Amino acid sequence: MYVCGPTVDNLPHLGHGRFTLVWDVARRWFTFQGLRVHYVSNITDIEDKIIARARRESRSEVEVAAQFEAEWWDAMDRLGVIRPDDTPHATDYVPEMVELIASFLARDVAYVTSDGVYFDVSKVPDYGLLAGQPLESLRAGARVEENDEKRSPLDFALWKNAKPDEPSWPAPFGEGRPGWHTECVVMSLDLLGEGFDLHTGGLDLKFPHHENERAQAEAAGRIFSHHWAHHGWVMVGDDKMSKSLGNFTSLTDLLAKTDARAYRLLVMRSHYRSPIEVSPSSIADAERALERLDALARRFDLPALGGDRFELASSQPWAEESLELYERVVAAMNDDLNTPLAVAELFDALSAANASADEGHLAAARRLAQAVNSLFGAMGLSLVAGSHVLDEVAERLVRERDAARAARNWADADRLRDELVVRGWIVEDGASGTLVRRP
RNA sequence: GGCGGCGUGGCCGAGUGGUUUAGGCAGGGGCCUGCAAAGCCCCGUACUCCGGUUCGAAUCCGGACGCCGCCUCCA
């Protein structure tokens, strides 16, 4: 699968976080189901905005790209997004792009203007397939074009001629740099080969970016991706979060004050094609739901799963209680990745496990809880029982409180509980006495 | 103008011709508890509006209204 990656010209924003989580969940699920996944996601490291920023900050494009790529991977690690198997960089593929563009020129699928090389969309008979519109109606809606050398407003730049002080590469058709639409075709076909399974990206990439990629593959006579999937936006209020509106929140900021797992859960609780609104209240909602998951882990002492270790569904012990849950979750996930339904099934099972334990069916309850844990883990969401490691003071207070309670000395018991709370512990009474944990 | 998506209970969010409820969060009541916490049980009886099809529609069809997106850099 090929996931259209970021242009590293700024901090990653919430939308980047959403889509990397969506496809991380997909990838993990495919793997869990026993598919072999080759996950490729690119880094666009040469582009107008990178150049603009480098200019503005009087440093090199390479430096800017390196800085924001580092920020990108840092955020990905914190989100628990597994690194792609390959992360091709546009600048590593310039010769291949030049070669492709030259072949287009040789076959008259592209033409040269004073500022670069353009792809002639009229040479691809089914141009507009992804947009769901024929060429003519797309052309009718195109905005007024200032470049009158283009044969059609829909023609797009394959190559931009070098400008003073801008990075450039040699090419038979003149020094310059590649246009954005060419890198993904070249890199995906190189790393995944023809006829790979899935190509994904944001809804805004469907047209023109993906259409243009497809057109180039078509024009080159290569079989491209068999399937396309486009994810929805992160909304801010009623607007799409976007670079042009300047209304984006950086992922870096969010992760500084939020459990990354809450964002994963929030993302999983809506369908990948739907828009989601990320706000303090939607985050808080997810955080509370997450507390219930962690409470299950505490109650049944479940191990944290969901790191980068892949397990296979076939290796799990789906016993009586858990088999039905597993089948429901599979049905949901295999229906266009219906993660909200899968999560609902898992919460249902969570209640059932607790109820069953309340009724004293501990072994059965534990099996169900373990299945819940495995399935969340398969989607990359770890349930965390949390630390029970007590310092000396806490240990003493717990001991004293248990003694006070045994003596039915409620005043002391309550005072000792307050002392623990003041020290930052959450106090709960269990069958074996006082239980404390960190929030 | 063309194309596409959406409108579900306080909020988020699945579902889709009819059997028993999606699920989460918030709220109310109860059980448990010395009191709490955690957990469990019960409670809202919702599907923008107007027509139509049907024995029966939130679900299909038509229309209206509202919102959003793409056609321009964007995940």
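Numbered from 1 within each chain, the chains take letters A, B, ... in sequence-line order. The analysis underlying the following values was restricted to heavy atoms, covering all of them including side chains, and did not include hydrogens, waters or symmetry mates. Treat the numbers as computed from the prediction; the structure is a model and nothing was measured.
Dashed line: the shortest gap from a side-chain N or O of A:S274 to OP1 or OP2 of B:A14 is under 4.0 Å. Phosphate contact (OP1/OP2 of B:A75, side-chain N/O of A:H231, threshold under 4.0 Å): absent.
Residue-level contact check: A:H209 touches neither bases nor backbone, having no heavy atom under 4.0 Å from any strand. Using a 4.0 Å heavy-atom cutoff across all strands shown, A:R299 reaches sugar-phosphate atoms only and no base atom. Residue A:S282 is classed as having no contact, given no heavy-atom separation below 4.0 Å to the nucleic acid. At a threshold of 4.0 angstrom between heavy atoms, the contacts of A:R53 with the nucleic acid are absent. Using a 4.0 Å heavy-atom cutoff across all strands shown, A:S281 reaches no nucleic acid atom at all. As judged by a 4.0 angstrom heavy-atom cut-off over every strand, A:G5 is placed among residues touching the sugar-phosphate backbone only. Using a 4.0 Å heavy-atom distance criterion, A:L203 is classed as making no nucleic acid contact. Residue contacts for A:G15: at a heavy-atom cut-off of 4.0 Å it reaches a base atom on one of the strands shown. The residue A:G141 sits close to a base: some heavy atom pair falls under 4.0 Å.
If you take atom P in B:U19 and the same atom in B:A57, they sit 12 Å apart, rounded to whole Å. B:C32 and B:U48 have their C1' atoms separated by 44 Å, given to the nearest Å. Rounded to whole Å, the C1' atom of B:C6 lies 34 Å from the corresponding atom of B:C42. A distance of about 15 Å separates the C1' atoms of B:C25 and B:A14, rounded to the whole Å. Separating the C1' atom of B:U45 from that of B:C40 is a span of 23 Å, rounded to the nearest Å. To the nearest whole angstrom, the two P atoms, one in B:C47 and one in B:G7, are 13 Å apart. Only the C1' atoms considered, B:G24 is 14 Å distant from B:G9, to the nearest whole Å.
Comparing B:G24, B:C73, B:A22 by their nearest atom to the side chain of A:S351 picks out B:G24. Nearest nucleotide to the side chain of A:R288, out of B:G24, B:G39, B:C25: B:C25. The side chain of A:F207 has B:C70 as its nearest neighbour among B:A14, B:C25, B:C70. Of the candidate nucleotides B:C68, B:A38, B:A75, B:A75 has the atom lying nearest to any side-chain atom of A:W233. Of the candidates B:G39, B:G2, B:A14, B:G2 carries the atom nearest the A:Q133 side chain, counting heavy atoms from C-beta on. Nearest to the side chain of A:A344, among B:C25, B:A75, B:G23, sits B:G23. Ranking B:C71, B:A14, B:C68 by closeness to the A:L138 side chain, first place goes to B:C71. The side chain of A:H181 lies closest to B:C73 when the candidates are B:G34, B:G39, B:C73. Nearest nucleotide to the side chain of A:H16, out of B:G23, B:A75, B:C35: B:A75.
A donor-acceptor contact shorter than 3.5 Å links the side chain of A:T20 to the backbone of A:H16. A donor-acceptor pair is defined here as one N or O able to donate and one able to accept, closer than 3.5 Å; no such pair exists between the side chain of A:E359 and the backbone of A:H361.
Each of A:A355 and A:A131 has a nearest nucleotide on RNA chain B; the 5'-most of these lies closest to A:A131. Place A:N338 and A:E47 on RNA chain B by their nearest nucleotides, and A:N338 ends up nearer the 5' end.
In this pair, A:F224 and A:F196 present their aromatic rings perpendicular. The plane angle is above 60°, beyond the 30 to 60° band.
Put simply, the side chain of A:R417 and the base of B:C35 share a donor and an acceptor less than 3.5 Å apart. A:D414 contributes a side-chain N or O that forms a donor-acceptor pair with the base of B:G34 under 3.5 Å. With hydrogens and angles ignored, a donor-acceptor pair closer than 3.5 Å exists between the side chain of A:D429 and the base of B:C35. For A:D285 and B:G24, a side-chain-to-base donor-acceptor distance below 3.5 Å is present, hydrogens and geometry of angles not being considered.
Applying the ring pair (Phe, Tyr, Trp, His ring centres under 6.0 Å) criterion to A:H181, with sequence neighbours excluded, gives A:F156, A:H209.
In this structure, CH2 of A:W180 is placed 8 Å from C1' of B:C73, rounded to the nearest angstrom. Atom NE2 of A:H210 is separated from atom C1' of B:C73 by 15 Å (rounded to the nearest Å). Note: CZ (A:R139) to C1' (B:C70) measures 18 Å, nearest angstrom. The separation between A:I276 atom CD1 and B:C6 atom C1' is 16 Å, rounded to whole Å. The CG-P distance, from A:L154 to B:C3, rounds to 16 Å in whole Å. As rounded to whole Å, 20 Å separates atom P of B:C35 from atom CZ of A:R415. As rounded to whole Å, 15 Å separates atom P of B:G4 from atom CZ of A:R273.
Taking the six-membered ring where the residue is Trp, the centroids of A:H231 and A:Y272 are separated by 6.0 Å or more. Between A:H210 and A:H230, the ring center distance clears the sub-6.0 Å criterion.
A heavy atom lying under 4.0 Å from RNA chain B marks none of the residues of residues 61-70 of chain A.
A side-chain donor-acceptor contact under 3.5 Å links A:T113 and A:D115. When only modelled atom types and interatomic distance are considered, A:W29 and A:Q33 share no side-chain donor-acceptor pair under 3.5 Å.
Geometric assessment of A:R27 against the ring of A:Y39 yields a positive cation-pi assignment under the 6.0 Å and 45° thresholds.
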